[in-house]
Amino acid sequence: MIEVIIKNYLDSHLDVPSFLERPEKPPKQYVLIEKTGSSKNDYINSATLAFQSYAESLFEAATLNEKLKNALEELIYEANVSKAKLNTDYNFTDPETKEYRYQAVYDFTF
């Protein structure tokens, strides 16, 4: 599963934890990983994943987002991933909970 490959990679390349679902008691900073779609063509898999970088301030969320993007740029050197392309990233602060977060959306080939 691409989500597990990327989670394991991020856990060894970022100084904050990553999760595939929101933890009941989240830490002050973390990354949430969500697969938003996938496809397969001629035995080549592709997927789109959204990464939400949570922090206590907007600046810290933006900084974590940059660290995340830098880490994902190096993911292609892993054996199972051949493309990691940034689709978009933006401020994604939750208007209801007022939690600061940035979201980066990536397209992967694996």
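- Of all heavy-atom pairs spanning L68 and A104, the tightest one is CD2-CB, 4.2 Å.
- The two atoms that bring P17 and P27 nearest to each other are CG-CG, 3.8 Å, heavy atoms only.
- To the nearest 0.5 Å, atom OH of residue Y9 and atom CG of residue L14 are 8.5 Å apart.
- Two residues are said to be in side-chain contact when any heavy atoms from C-beta on lie closer than 4.5 Å; K69 and Y106 meet this criterion.
- Using a 4.5 Å heavy-atom threshold, the side chains of L72 and L10 count as touching.
- Rounding to the nearest 0.5 Å places CD1 of I6 at 10.5 Å from CE of M1.
- The cluster map of Ile, Leu, Val, Met, Phe, Trp and Tyr, joined by side-chain heavy atoms under 4.5 Å apart, puts I76 and L86 in different clusters.
- Residue N80 holds its CG atom at 7.5 Å from CD1 of I2, rounded to the nearest 0.5 Å.
- In the model, S46 has a side-chain atom that pairs as donor or acceptor with a side-chain atom of S39 under 3.5 Å.
- For the residue pair Y90/Q103, the side-chain donor-acceptor check at 3.5 Å is satisfied.
- With sequence neighbours left out, the side-chain hydrogen bond (donor to acceptor under 3.5 Å, both in side chains) criterion links Y102 to no other residue.
- Atom NE2 of H13 is separated from atom NZ of K67 by 14.5 Å, given to the nearest 0.5 angstrom.
- Inter-residue side-chain proximity for T36 and L49 is flagged as unmet; no heavy-atom pair is nearer than 4.5 Å.
- Using a 3.5 Å distance cut-off with no hydrogens or angles, the side chains of R101 and Y30 do not pair a donor with an acceptor.
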**Study point:** Evaluation steps, side-chain contact (heavy atoms from CB on, under 4.5 Å), between T109 and I44
**Key:** CA-CA 7 Å; T109 302; I44 299 172; 3.5 Å; yes
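- Of the charged side-chain nitrogens involved, none lies within less than 4.0 Å of a carboxylate oxygen, so that K83 and D107 do not count as a salt-bridged pair.
- Partner F51 forms a side chain to side chain contact (heavy atoms under 4.5 Å, CB included) with one of D89, I33, N65 and no other, that one being I33.
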Practice item. Would you please test R22 and E99 for salt bridge (Lys or Arg N to Asp or Glu O under 4.0 Å) and show each step? Key: CA-CA 13 Å; R22 184 177 166 82; E99 287 181 292; 3.0 Å; yes
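- E21 and F19 make their closest contact through O-CB, 3.2 Å (heavy atoms, listed as atom of the first residue, atom of the second, distance).
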Practice item. Take D94 and K98 through the salt bridge (Lys or Arg N to Asp or Glu O under 4.0 Å) test and state the conclusion after the steps. Key: CA-CA 5 Å; D94 188 324; K98 306 295 188 229; over 6 Å; no
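- Q29 places a side-chain heavy atom less than 4.5 Å from the side chain of E60.
- Distance check, rounded to the nearest 0.5 Å: CG of L64 to OG of S57 gives 10.5 Å.
- At most 12 heavy atoms of other shown residues, nucleotides or ligands fall within 6.0 angstrom of atom OH in Y100.
- Side-chain atoms of V81 and F108, non-hydrogen and from C-beta on, do get closer than 4.5 Å to each other.
- Taken to the nearest 0.5 Å, the OG atom of S18 stands 11.5 Å off from the CD atom of E3.
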